[in-house]
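Here the structure is a predicted model, which is why all the values come from computation and not from measurement.
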Amino acid sequence: MSAALLFWLAGSGLIGLSVYGLIVNPHPLCKLLALNLLGSGVFLLFGVIARRGASAGLGGDPVPQALVITGIVVAFSATAIAVALLLRLHTEAGEASIDEEDGQP
């Protein structure tokens with residue numbers, strides 16, 4: 001088993017686990033963590049794509065590397081905004097959930 005295949009399987013596993021977490025967990029913080037895990041899996045797959053191009057003798061492809069760096073910055077800022085919104089929701093409503101009390105959507 002090559003290193004690229006191992007990283008490809010790990011990235012796919014992270015994406016599958018995060019999609020499962022997005023579907024199953026109703027809590028917003030768990031959904032936020034699952035979204036971060038999804039981003040990490042995608043970044044790992046982009047890294048594998050960049051590495052496969054370099055191992056084929058084509059040289060390192062800078063486009064996937066630039067996408068990963070940009071994606072990390074965007075994911076960090078989006079996570080910071082989401083955490084701030086969850087904290088604001090918690091201070092206003094007393095809990096960090098968006099469930100209705102009367103059962104009506």
Side-chain angles (χ1 to χ4, degrees):
M1 181 182 298
S2 67
L5 179 64
L6 183 65
F7 285 124
W8 186 268
L9 290 174
S12 300
L14 284 174
I15 290 173
L17 184 64
S18 63
V19 169
Y20 175 76
L22 280 172
I23 293 171
V24 171
N25 291 323
H27 197 271
L29 185 60
C30 292
K31 288 189 181 286
L32 179 64
L33 291 175
L35 279 174
N36 280 333
L37 193 63
L38 178 70
S40 298
V42 170
F43 298 151
L44 186 58
L45 289 180
F46 274 152
V48 169
I49 291 169
R51 176 73 176 129
R52 286 179 64 187
S55 67
L58 300 174
D61 190 8
V63 175
Q65 294 173 4
L67 286 174
V68 168
I69 292 171
T70 305
I72 289 171
V73 171
V74 170
F76 179 75
S77 60
T79 302
I81 290 172
V83 167
L85 287 173
L86 281 175
L87 286 174
R88 178 66 183 235
L89 179 65
H90 180 67
T91 57
E92 293 292 325
E95 63 181 83
S97 180
I98 51 176
D99 294 333
E100 295 285 330
E101 289 145 6
D102 57 358
Q104 302 269 338

With sequence neighbours excluded, what pairs up with T91 under the side chain to side chain contact (heavy atoms under 4.5 Å, CB included) test?
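T91: side chain to side chain contact (heavy atoms under 4.5 Å, CB included) contacts with R88.
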Separation between OG of S2 and CH2 of W8, rounded to the nearest 0.5 Å:
11.5 Å
Output the distance between atom CG (L9) and atom CG (L14), rounded to the nearest 0.5 Å.
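Reported value, rounded in 0.5 Å steps: 11.0 Å.
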Would you mind listing every side chain to side chain donor-acceptor pair (under 3.5 Å) that reaches into residues 41-50, with sequence neighbours excluded?
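Passing the test, one end in residues 41-50: no pairs.
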For residues 34-50, the side chain to side chain donor-acceptor pair (under 3.5 Å) pairs (sequence neighbours left out) are N36-T79
Determine all donor-acceptor pairs shorter than 3.5 Å in which one atom belongs to a side chain in residues 19-26; sequence neighbours excluded.
none

Scan the side chains in residues 70-78 for donor-acceptor partners under 3.5 Å anywhere in the protein, sequence neighbours excluded, and list what turns up.
residue: T70; atom: OG1; partner: A66; partner atom: O; Å: 2.8
residue: S77; atom: OG; partner: V73; partner atom: O; Å: 3.3
residue: S77; atom: OG; partner: V74; partner atom: O; Å: 2.9

side-chain hydrogen bond (donor to acceptor under 3.5 Å, both in side chains) with S12: which residues, sequence neighbours excluded?
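By the side-chain hydrogen bond (donor to acceptor under 3.5 Å, both in side chains) rule, S12 matches no residue at all.
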Walk me through whether I15 and L38 qualify under side chain to side chain contact (heavy atoms under 4.5 Å, CB included).
CA-CA 5 Å; I15 290 173; L38 178 70; 3.8 Å; yes
Specify the closest pair of heavy atoms between [X] and [Y], including all atoms of both residues, with the distance to one decimal.
{"X": "L86", "Y": "P28", "result": "CD2-CB, 3.4 Å"}
{"X": "L44", "Y": "G11", "result": "CD2-N, 3.5 Å"}
{"X": "V68", "Y": "F46", "result": "CG2-CB, 3.4 Å"}

If you link ILVMFWY side chains whenever their heavy atoms are less than 4.5 Å apart, which other residues fall into the same cluster as I81? By chain and number, please.
L85
For I69, which fellow cluster members are found when Ile, Leu, Val, Met, Phe, Trp and Tyr are connected by side-chain heavy-atom distances below 4.5 angstrom, either directly or through intermediates?
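Reading the cluster by chain and number, I69 sits alone, since nothing else belongs.
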Joint cluster assignment, F43 & L33, ILVMFWY side-chain distance < 4.5 Å:
no
